[in-house]
Structures are given as structure tokens and as C-alpha cells.
**Q** 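Quick one: this structure, given as C-alpha cells, is what I'll be asking you about.
Side chains are part of it too, since the values below use all heavy atoms of this structure and drop only hydrogens, waters and symmetry mates. First the proteins, then the strands, lettered A, B, ... as listed; each starts at 1. This structure is a prediction, so every number in the text was calculated from the model and none was measured.
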Number of protein chains: 2
Amino acid sequence: MVSLTPRAERLLKALIEQYIAEGQPVGSRTLVKQAGLEFSPATVRNIMSDLEELGLIQSPHTSAGRVPTERGYRFFVNSLLAVKPTKAPDMASIEDRFLADQDPQQLIESMSGLLSQVTKLAGIVRVPRRADVGFLQLDFLALSPARVLVILVTQDGQVLNRVIHPKRPYSASELQQAANMFNGAYAGLSLDMVRRGLVEALRRDSEDMQQILRSAVEMAHQAFAGEAMSEAPLFVSGETNLLAFPELSNTEKLRRLLEAFTAKQDLLHLLDQSMVSQGVQIFIGAESGYEALESCSVVTAPYEVDGQIVGTVGVIGPTRMSYDHVISVVDVTARLLSGALSHSLSG
Amino acid sequence: MVSLTPRAERLLKALIEQYIAEGQPVGSRTLVKQAGLEFSPATVRNIMSDLEELGLIQSPHTSAGRVPTERGYRFFVNSLLAVKPTKAPDMASIEDRFLADQDPQQLIESMSGLLSQVTKLAGIVRVPRRADVGFLQLDFLALSPARVLVILVTQDGQVLNRVIHPKRPYSASELQQAANMFNGAYAGLSLDMVRRGLVEALRRDSEDMQQILRSAVEMAHQAFAGEAMSEAPLFVSGETNLLAFPELSNTEKLRRLLEAFTAKQDLLHLLDQSMVSQGVQIFIGAESGYEALESCSVVTAPYEVDGQIVGTVGVIGPTRMSYDHVISVVDVTARLLSGALSHSLSG
DNA sequence: ATTAGCACTCCCGCGGTCCGAGTGCCAGGG
DNA sequence: CCCTGGCACTCGGACCGCGGGAGTGCTAAT
């Protein structure tokens, strides 16, 4: 890690803050005026020259001011940044969202909207991997003779459902019985284990299985063995907020970015990465490793249920974002979400 | 309705087709060449002059070619357009989507993605209003002593669910009994009627109601009486496709358009409008009545279940879209969706 | 009635100029 | 020795004028 004189640090900090605020390359004169520095523009120029040699700032062209590089932002975030507490009105918006007494799944999904609204950036949320949550119970419900609605409930209150067309009609009591047996057989396992159990059970010949349980297994398999149980959902909101940033609105970058949002693949990897460690994480520009996120930063924080990390919330915006505010908003949102989930699930 | 000479019609048709294909103002010379007309550019200019007086075309400035006006598109769509059958590969994509045996709700929601993918425009889908569908059954499921999962199933296989915190703990058998009584009391009504019934039942003093049913009503009310039952969902996909059109990418229009997509209010009204009559409907530019849709056209078609219109699918794109292809794609999608829904629900 | 010709208009791209902002460097002063 | 004022330099952006090209409208001739 580079080390700077206190003065240089102070200057870099002022420069980055100014650039974040205005979005324009900042020159020595404006920097002196704006930051109230007690030395002259010429001195500032010398220091800037040093900072440029260190790769912390650069100038777009000869006679423009300086702009932070990704390294500059990184240094800024690591060493210079004073995270500001979330502003009261923002805090109020966030807390309001947690007051509404809704089911956990919806609460989690609403986080992306909340974050985008408060930060004026794009909000993202990675919902818990279904495969890991516990199986609670399953129900078969006859919609018509040929159609059965399969409802699967997890221990954290998620509900998955799907309509299937069984091979033969079943009576309501048969279905009830089948569900009871199924629930008895698979209670308490994780969804992933249930799914593997289903595949296993179907491969073995069915002779050693009661006919009614076999029917249940078949129907459950038909409904949920596919990707439905292991799909990896990710929600993005407020993409339009990004249109407001001129550095992104040059269409080509924007297009790639929005396509990355709909493809979700890359984002998913990134968010999974951020699930391994606790606390707020920040990916600046190329650090994310995805081209589509060039000149963007991602700020994430995992949330947990009963001490176990299950998902991530965060925001995506231009590298030029107000890290000091964004970080605290993401952090507090993740914390409150963790609290709300743990409370509502065990309360 | 204006009437034109056959020659003028032919010319207008060629001009609009050319403009749709290229997106550039088209002049007399290129028009003659491209459309293989047997008269000279000068004649074309005279006719164009007439068309301009009629308000069907206009020129952006003196020495540019001509561009269709909204009236021009309208006339084109009404009188000149020969709808082309959906191309085989597109047809294949569409049919593929209906082969996957999934639940109706998901199938409907996937239509917006399908349409955006096939037409390279933004796809929209209005899902059925929940208030109108029939109530099938309701279940209470204890997640923990303090939390009850309420699952509501409609006759068309939709599942709504929400976690509530009842006033006192209930045993599993109490919950079962409550659900049974509730289902007996409200079976067959529409969701809207159920909701009104709930409010009514709570307002009456509870003495004339069995205690256990009263508990069920309270819990059901807690879970679903809010907007959950009457919310009006609308799905939009492929917004990024619109970035490819230069006439929209001027940022300000695009921004408003995308905001209209997230606000959904205006779109919803528009789609509700299109539910009153059968078949494909086309709103060109200002015809939609919403400023955000300026210089955009919307092509919609309602879909039905058992002869009853329940929702709408469609696309949104620039007024300069290939109506001939888009119309047939939207039409066939709506038809196939109607077929799939009627089949899967009664089959 | 159609067409060829022609003058006209306007957009667009090009090169040139000017101006301002900002830099780098140097010499002088605390 | 470090800071600072001064100065020459560079570069981008706005402005301007010009010419070419595309397209039109009009008119006269067929």
C-alpha cells in the first residue's frame, strides 16, 4: 500500500470528494478554493503531479483537471473515507419498510427497490438459495381431475407451487394421504437433500415403497425436481437511476450494463463472492472482474438469519458515487434485514 | 377517413415501409429506386406534396426527405398494411414456450419475455385481475408458535401466501379446523366477494359466529384484506431493446419511457382499455394518451380463459416498428396463450 | 398529366480561429 | 529547502464560414 504525506492525503481526499460531487475533472485552482486549502494552486499542482505518478489520479487530457483512477478510489475508500451515518430521512424510509408486516420473501425482494430509492442508484438483492433452506411441508391440491397443485413450504415461510398433470386422477383423500406420507418421510431435510432423495427414490425400484408414497414422490419430482428448486434469483431495481449519470449514458456502456442486469449471471457470481465474508464489501471498477461493470462500483453487504449468511443486498452505480453515504445505507439495510428476518422467523 | 388515389396509396405504403426499414427520411429519388416505381422522381414529389398537405407525411426540414406522421402510420395500419404470418423460426420460439408444462401464472408472466425476444421490442403482459378469479381454498400452516403461514389458492391455480402473527398460538388441529370452516363458508366466491365478506363478517359482532371461524376470518383478513388481493400486476421485459433505436436514445424521452415502465400506472390503464374489445389493438404515438409514450406505438391483444378476456399481452416500440410482423406475433401469442390456459385449467 | 431541368434551401462536415482552463516549469523569496 | 507567483504552452470547446450534397418546388416543354 502506498503511503502519502498527510498533505497529499488531504488533497486527494478533497479532490475525490469534489469529483464525486461535481463529476467534472477538478483543477488546482478550484480545488484550493473549494477545499479551503491554505497553500497555493502551484503547490497543489506539484502534489497532483506526484499523485498522478502514483497512479491515483489522472487527467483526461493535457489541459483538463484531474480525475481519480480506480486505484485512487480504492485508496480513498480504504484509508481516507469517513463513513457518514445514514441521514435521518433516509433512515426513516428504511425503517418504514421494515414496519410493514409482510412475509419474508417479499420483504427481501423489496430491498432492491428500497436501496435504489434511497441511494438513487440501482439496488440489487440476492435472495437466499432455496436449496439450503429446510423443507417444512408439502401439499397436494386437486384443481380438477387432471390437474394437481403442488405446494411446497419451507421453514422460512417461502412457498413454491406448481401445477402438474398426474398420470391418473387421484381423490382428495388419496392426495391428502400421499402428502402426509411424503411429509413424514422428508420432514426436516434441506430442499437440496429432498431433491436428491427424490431422484434416489425414483431410481430404486418402487417395490419396497408403498404405492401411495411412490405416487407422492413422482408428483413432487414432476413439480420441483427441475431448476425450480435450485434457481438462483436476483432482483435489480432502479436501473433508470443510472441514466442520470453522464459517464454512463454514452449508450454503449449503458447498454452492456443493462444487459448484464437482465442476464444476471455475472452479478450473481459477484454477489456470491460477497457472501463469503461479513460486512460491507466494495468492488471498484475492474475489481469486479466483469467488463460490463467497467466504470461502475458495487457496494454489497450480506444479511443473515440466525447468524448464518443467506443472501446479499447492495447497490450498483458509477465509480463516482458517494461512498460515504452509500456504505452506511447498505450496511444499515443489511443489518435491519437480518434483524427482521431473524425476528420474524423465530419470534 | 381520407381517400387517396391508388398511386398515392402505393407510394405512401412504399415510403412508410422504407422508413420503417431504414429509419431515415426518404426522398423522391431513393423512393423511386427502392420501390421500383415506373414514374419519375418529379412525379413522386408532386404526390408527396399532396400527402404532406393531407398530414400523412412531413419533412423534418426543407431539404430532407419525408417521414410518416402519426396519421400516416394510422392510415397505413388501417388501409395499407398486409399482415405477414409469423416467420417460422419465431413461430418455433413461441411454440416452444408453450410446450414447457408450467403453472399458468408463470406461463403468463413469461409472455413479456417471449414477446420482447421475438420482436426485439419491449414486451408487456397484464396478468388477470385477482379480484375476479374464484376462491378455491385456504390453508393455515403453523411455522412456529407465533407465526402462521396463510396460503390462498384460486381456481386457476394461483397461490398467494403471507405470514401473519396471530394474537394467540393455535394448535395444528385448530388451524386445520379453522381452515375447513373457512373454506366451507366461502367456497366458490370470487376473491373480491371473499374480501368483502371478510370485512362484513368482522364488522358484525362475533357472537353469532363460531369462535373458531371468527379466528379464521381474522387471520385471513390480516393476511389478504390489504392490497395483496387487488393489486394490479404488470410485467415488462426487454426494455433494453429500445436502446437500439436512435429516435429513442436521446436520453430524455428514453428516461421518461423507462420511468413509465416502472411506474406502470399509465401502462396499466392502457392495457385495461385494450381489454374491452377483442383482437389486436394498436395505439400509435399520441393515441395512447400518455406523454411518455410519445413517438412510441403499443400493439396489444387480449387473451382469454374459457371465452372470458382476462388479460392482455403486447409490445411497446418506436412508432417506426414493423407492424406487419409485430401484429401477427402478438396475435398468435395471445391466441396460443388463451389456448394453453383454457386447456390447462379445464383439461 | 408527366417529366426534365433548374434554382433554391437547408443540413452536415470540414477546417480555422479564438478563448479559457489548466498544466509544467522556472526563478525568486520566506 | 520548500513554497509561490509568473509565464509559456497545450488542449478542448465554441464559434464561424465555407462547400458539397441531398432534396425540394417550380416551370416549361412534351
**Q** What I want to check is whether the side chains of Ser237(B) and Ser116(B) have a donor and an acceptor closer together than 3.5 Å.
**A**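 Checked: Ser237(B)/Ser116(B) side chains show no N/O donor-acceptor pair below 3.5 Å.
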**Q** What is the distance, to the nearest angstrom, from the CG atom on Leu11(B) to the P atom on dT2(C)?
**A**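 My rounded result for the distance is 12 Å.
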**Q** So is Arg7(B) actually on top of Phe39(B)'s ring, under 6.0 Å and inside 45° of the axis?
**A**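 Geometry flag: set, cation within 6.0 Å and 45°.
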**Q** So for atom CD, which belongs to Glu291(B), do other residues, nucleotides or ligands contribute more than 12 heavy atoms lying within a distance under 6.0 Å?
**A**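 Check fails, neighbour count at 12 or below.
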**Q** Whole Å only: how far is the CE atom of Met48(A) from the P atom of dG24(C)?
**A**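 For the pair Met48(A) CE and dG24(C) P, the rounded distance is 9 Å.
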**Q** Considering just the side-chain nitrogens and oxygens of Arg66(A), establish if one lies under 4.0 Å of OP1 or OP2 belonging to dA21(C).
**A**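 Arg66(A) to dA21(C) OP1/OP2: no side-chain N or O under 4.0 Å.
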**Q** Both Asn46(B) and Gly65(A) contact DNA chain C. Taking the nearest nucleotide for each, which residue is further toward the 5' end?
**A**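 Comparing both residues, the 5'-ward one is Asn46(B).
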**Q** Just to confirm, is there a sub-4.0 Å distance from OP1 or OP2 of dT23(C) to any side-chain nitrogen or oxygen of Ser28(A)?
**A**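 It does, given that an N or O in the side chain of Ser28(A) lies less than 4.0 Å from OP1 or OP2 of dT23(C).
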**Q** Could you measure the distance from the CD1 atom of Ile20(A) to the OH atom of Tyr73(A)? Nearest 0.5 Å is fine.
**A**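 Taking CD1 in Ile20(A) and OH in Tyr73(A), the distance rounds to 5.5 Å.
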**Q** When we call it a touch if two heavy atoms are under 4.0 Å apart, what does Thr62(A) touch: a base, just sugar-phosphate, or nothing?
**A**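 The residue Thr62(A) makes sugar-phosphate contact but no base contact.
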**Q** Ile47(A) has an atom CD1; how far is it from atom C1' of dT23(C), in whole Å?
**A**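 Rounded to the whole Å, the gap is 15 Å.
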**Q** Taking CD from Gln58(A) and P from dG24(C), how many angstroms apart are they, rounded to a whole number?
**A**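 These atoms are roughly 13 Å apart.
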**Q** In this structure, how many angstroms lie between the C1' atom of dA21(C) and the CD atom of Gln18(A), rounded?
**A**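 So the CD-C1' distance, Gln18(A) to dA21(C), works out to 15 Å.
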**Q** Nearest-Å distance, NE2 (His61(B)) to C1' (dC12(C))?
**A**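 My rounded result for the distance is 9 Å.
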**Q** Using heavy atoms to find the nearest nucleotide of DNA chain C for Ala42(B) and Ser63(A) separately, return the residue whose nucleotide is more 5′.
**A**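 The residue whose closest nucleotide sits nearer the 5' end is Ala42(B).
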**Q** Output the rounded distance in Å from NZ (Lys33(A)) to P (dG22(C)).
**A**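 Roughly 9 Å, once rounded to whole Å.
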**Q** Walk along DNA chain D from 5' to 3' and tell me the first and last nucleotide with an atom closer than 4.0 Å to a non-hydrogen atom of chain A.
**A**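 Result: dC3(D) to dG12(D).
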**Q** Whole angstroms only, please: what is the CZ-P distance between Arg45(A) and dA27(C)?
**A**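 After rounding, the gap between these two atoms is 16 Å.
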